[in-house]
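Reviewing the structure listed below.
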There are 2 protein chains.
Amino acid sequence: MSMMGQSISIGELARRADCKPETVRYYERIGLLRDATRTGGGQRRYGEDAVRRLTFIRHARDFGFSVESVRELLAMSDQPDMSCQEVDAIATHHLKKVESRLRRLSALREELQRMVTQCAGGKVESCRIIEVISDHQLCVTENSHGGAHDLG
Amino acid sequence: MSMMGQSISIGELARRADCKPETVRYYERIGLLRDATRTGGGQRRYGEDAVRRLTFIRHARDFGFSVESVRELLAMSDQPDMSCQEVDAIATHHLKKVESRLRRLSALREELQRMVTQCAGGKVESCRIIEVISDHQLCVTENSHGGAHDLG
DNA sequence: GTAAACCTTGTAGCAACTACAGCTTCAAGC
DNA sequence: GCTTGAAGCTGTAGTTGCTACAAGGTTTAC
């Protein structure tokens, strides 16, 4: 059932999943995609299943799931009879991270807003922005930023 | 005026700015911190000015400013006579990024929340989470996620 | 039959650190 | 003055998730 219809080139696959051939090869290398069938000349050829799988991966990455999480999700979706507790756990964990990040980012926005509005446009000497960055004490929201790191 | 009071070791400096010695050496290497005075045996010794500078850097990084932005901010704060227009521009630009990111992250949270709540806890086969990730059509908020990339 | 467009592998680069390994120096106690 | 253990040194490699070459080989359309 999988011998026929392997006619999609890597470029077409990439286009259909909205990414680049390099990314596809990368996913193959790290084992997210299975090794593709090859033409006599050694080029990769894919079927529709690969399009679905890659689309899943890209979409999950878009959602902010780490590659390791995607790997787990794929493993689970490969076993449809299994209970989806673990799937739920991964998604819930991810949701928690997103929420915490959202809180910190939102505090950061307030601080930046405050900084920008308070800066009178004078000399650096009296610039609130530099002051706020220099002096943590001036922060309204303590322990609230720390914000540009990756989600798990 | 800067020959005296160079008595802080790299470890102490790192502790006082809440980072690691490796990070300090890294900042020196990329030119965010000036080369430190050395003891006869070659160890780095710092003064209070270094503590302030490193604290500024860490704080700005914490705020989500990229190292390149921090570099610009440092260059500006080193020249107190300069107008703070540029500082303001960087902060405003940053604010814009934070806001756009906040929107995307917030949409992402909704999607994840929806996924998690709709998951009935049955088999993977019928798992809403897997379904939503598989099928872009099922997304409520189009083009809204894509969320874990760095702020400029 | 040829040319363009595509594909191949392998390697190096990005950000912003972090983590060794293998050695040297410093500071404190005795 | 000596020992000992913590801390410091350099240099290099690893992290994450790709992206971008270089130097060739293959396909396909005309």
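Just so we're on the same page: letters track the sequence lines, and every chain starts at 1.
Atom-to-atom, CD1 of A:I10 to P of D:dT19 comes out at 13 Å; the value is rounded to the nearest Å. Taking atom CD1 of residue B:I8 and atom C1' of nucleotide C:dC26, one finds them 17 Å apart after rounding to whole Å. Note: CD (B:E12) to C1' (D:dA7) measures 12 Å, nearest angstrom. In this entry the distance linking CG of A:L33 with P of D:dG17 reads 15 Å, nearest Å. Atom CG of B:L32 and atom P of C:dA15 are 12 Å apart (whole Å). Remark: P of D:dC21 and NZ of A:K20 are 10 Å apart, rounded to the nearest angstrom. Between A:F65 atom CZ and D:dT16 atom P there is a gap of 18 Å when expressed in whole angstrom units.
Between the side chains of A:R58 and A:Y27, a donor-acceptor pair is found at a separation under 3.5 Å.
Remark: A:S9 is not in phosphate contact with D:dT27, judged by side-chain N or O atoms under 4.0 Å from OP1 or OP2. Residue B:R38 places no side-chain N or O under 4.0 Å from the OP1 or OP2 atom of C:dT24. Close to D:dG17, at under 4.0 Å from its OP1 or OP2, lies no side-chain N or O of A:Y27. Under 4.0 angstrom from either OP1 or OP2 of D:dG17 there lies no side-chain N or O belonging to A:T23. For the OP1/OP2 pair of D:dC9 and a distance below 4.0 Å, the side-chain nitrogens and oxygens of B:R44 include at least one atom meeting the criterion.
Using a 4.0 Å heavy-atom cutoff across all strands shown, B:R15 reaches no nucleic acid atom at all. Within 4.0 Å of B:R25, counting heavy atoms only, lies at least one base atom of the nucleic acid.
The distance from the OH atom of B:Y46 to the CG atom of B:L54 is 8.5 Å, given to the nearest 0.5 Å.
Checking C:dA16, C:dC26, C:dC7 against every side-chain atom of B:R45, the shortest atom distance belongs to C:dC26. The side chain of A:V67 has D:dC18 as its nearest neighbour among D:dG8, C:dC17, D:dC18. For A:Q43, whose side chain is taken as the heavy atoms from C-beta onward, the closest listed nucleotide among D:dG25, D:dC18, D:dC9 is D:dG25. Checked against D:dT27, C:dC17, C:dT9, the side chain of A:T39 finds its nearest nucleotide in D:dT27.
Summarising the geometry of A:F63 relative to A:H94, their closest heavy-atom pair is O-NE2, 3.0 Å, with the distance given to 0.1 Å.
In this structure, A:G42 and A:Y26 both approach DNA chain D, and ranking their closest nucleotides by distance from the 5' end singles out A:Y26. With the nearest nucleotide of DNA chain C identified for both B:E22 and A:R29, A:R29 has the one nearer the 5' end.
The existence of a salt bridge linking A:E22 and A:R29 is excluded, since no basic side-chain nitrogen approaches an acidic carboxylate oxygen closer than 4.0 Å. Ionic pairing of B:R71 and B:E68 is present here: one or more N-O contacts between side-chain nitrogen and carboxylate oxygen are shorter than 4.0 angstrom.
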